[in-house]
Structures are given as structure tokens and as C-alpha cells.
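Let me begin by presenting the structure, written as C-alpha cells, before commenting on it.
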Amino acid sequence: QVQLAESGGGSVQAGGSLRLSCTASGYTGSRPCMGWFRQDPGQVREVVATIVIGGGDVYYDDSVKGRFTISQDGADNSITLQMANLKPDDSSMYYCAAGPQLYGPTAYCSIQNYHYNYWGQGTQVTVSS
């Protein structure tokens with residue numbers, strides 16, 4: 001049984017930084033994609049950033065490019081999202097996700113939430129102006 005354990009999040013003023021961490025346990029077989037999505041009430045869960053575990057290929061939504069960094073922690077299925085220069089628009093519930101890698105010329109991750117099989121419980125990020 002795959003479980004995603006999230007940590008981090010909280011409240012910060014605009015311009016501040018936060019770090020989110022996520023570890024996937026029980027994941028067997030091929031290495032997954034992992035990433036972070038965020039969702040506001042009544043809205044679609046949207047991609048923030050993804051990373052190919054073991055491959056390093058990363059994706060960022062345009063809204064966070066240059067401010068957020070996603071990285072793999074060691075050899076395990078663990079990732080970190082370092083968030084800098086936070087804006088009030090970044091306030092949301094953030095969810096860690098894990099799912100299969102997709103293959104083209106190289107391995108890559110989907111940015112669609114329905115490609116991800118496993119989800120964390122979510123962690124709130126609140127940025128005040």
C-alpha cells in the first residue's frame with residue numbers, strides 16, 4: 001500500500017519562504033513521477049511542479065518558475081519543494097502526488113492530476129500581504 005507523507009507548509013508573509021517535503025512509502029516496481037499540486041475550494045487541482053524520480057527531469061507551472069524548486073532527496077522516493085518569494089496568490093492547499101512516468105524520447109511526468117494514482121493528505125500554505 002502506497003502512502004505519501006507530507007510535511008511543511010504553514011503561514012508566511014509575502015516575500016517569505018517555505019519548504020514542503022513528501023516521502024512515498026510502499027511504492028514498488030518502476031520509479032514514479034512525483035510532484036506537487038495545489039487546489040483552492042471549488043477549483044481544479046492544478047500542477048505546481050513535477051520531477052522524474054531517478055531521472056531528474058522537472059516541470060514548473062509558469063506561475064512558480066524562478067521562485068519554486070523541486071528536488072529529489074537521496075535515493076528514496078522523497079521530494080522537496082522549496083518555495084521562495086511567496087505571493088498571496090500562492091495561498092492554497094498543496095498536495096503531494098505520485099504516479100507512473102510517461103515515455104517519449106525520454107521519461108517525463110504528466111501535468112494532469114488524473115495521471116497520478118496516489119495523493120498525500122494535503123498541507124495548507126497561507127501567504128499574507
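Worth saying up front: this structure is predicted, and the values here are computed from it rather than measured. Any value given below was found using the heavy atoms of this structure, including those in side chains, with hydrogens, waters and symmetry copies removed.
Pairing each heavy atom of Asn113 with each of Trp119, the nearest pair is O-CZ2, 3.4 Å. Ile70 and Gly35 get closest at one heavy-atom pair: CD1-CA, 4.1 Å. Listed here is the closest heavy atom pair of Met34 and Leu4: CE-CD2, 4.5 Å. Pairing each heavy atom of Ser128 with each of Pro88, the nearest pair is C-CG, 4.5 Å. The shortest heavy-atom contact between Leu18 and Leu86 is N-CD1, 3.8 Å. Between Ser78 and Thr23 the shortest heavy-atom distance is OG-OG1, 2.9 Å.
Of the candidates Cys96, Ser71, Ser21, Cys96 is the only one forming a side chain to side chain contact (heavy atoms under 4.5 Å, CB included) with Ile79. In summary, of the residues considered (Phe37, Tyr60, Phe68), a side chain to side chain contact (heavy atoms under 4.5 Å, CB included) with Val48 occurs for Phe68 alone. Partner Gln72 forms a side chain to side chain contact (heavy atoms under 4.5 Å, CB included) with one of Ile51, Thr80, Asn77 and no other, that one being Ile51.
Between Met83 and Val64, the closest side-chain pair of non-hydrogen atoms is not below 4.5 Å. Using a 4.5 Å cut-off on side-chain heavy atoms (C-beta onward), His115 and Pro100 make no contact. Thr123 is listed as a side-chain neighbour of Leu20, based on a closest heavy-atom distance under 4.5 Å.
Put simply, the side chain of Glu6 gets close to the backbone of Gly122: a donor and an acceptor are under 3.5 Å apart. Although no hydrogens or angles enter the test, the distance criterion places a donor-acceptor pair under 3.5 Å between the side chain of Tyr116 and the main chain of Ser110. In terms of modelled atom types and a separation under 3.5 Å, the side chain of Gln101 and the main chain of Ile53 share a donor-acceptor contact. Of the possible donor and acceptor atoms, one in the side chain of Ser92 sits under 3.5 Å from a partner among the backbone N and O of Gln39.
Environment of CD in Gln121: crowded, with over 12 heavy atoms of neighbouring residues, nucleotides or ligands closer than 6.0 Å.
Among residues two or more places apart in sequence or in another chain, the ring pair (Phe, Tyr, Trp, His ring centres under 6.0 Å) test is passed with Tyr118 by Tyr27. With sequence neighbours excluded, the residues forming a salt bridge (Lys or Arg N to Asp or Glu O under 4.0 Å) with Asp62 are Lys65, listed by chain and number.
Residue Val47 is grouped with residue Met93 when hydrophobic side chains (ILVMFWY) are merged at heavy-atom distances under 4.5 angstrom, including chains of intermediate members. Leu81 and Val58 fall within a single hydrophobic cluster, where Ile, Leu, Val, Met, Phe, Trp and Tyr are joined by side-chain heavy atoms under 4.5 Å apart, directly or via other members.
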If you apply the rule side-chain contact (heavy atoms from CB on, under 4.5 Å), what do you find for Glu46 with Ser63, and how did you get there? CA-CA 11 Å; Glu46 296 182 328; Ser63 63; over 6 Å; no
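The structure places CD of Gln13 at 9.0 Å from OG of Ser129, a figure rounded to the nearest 0.5 Å. Note that the OH atom of Tyr103 and the OG atom of Ser30 stand 5.5 Å from one another [nearest 0.5 Å].
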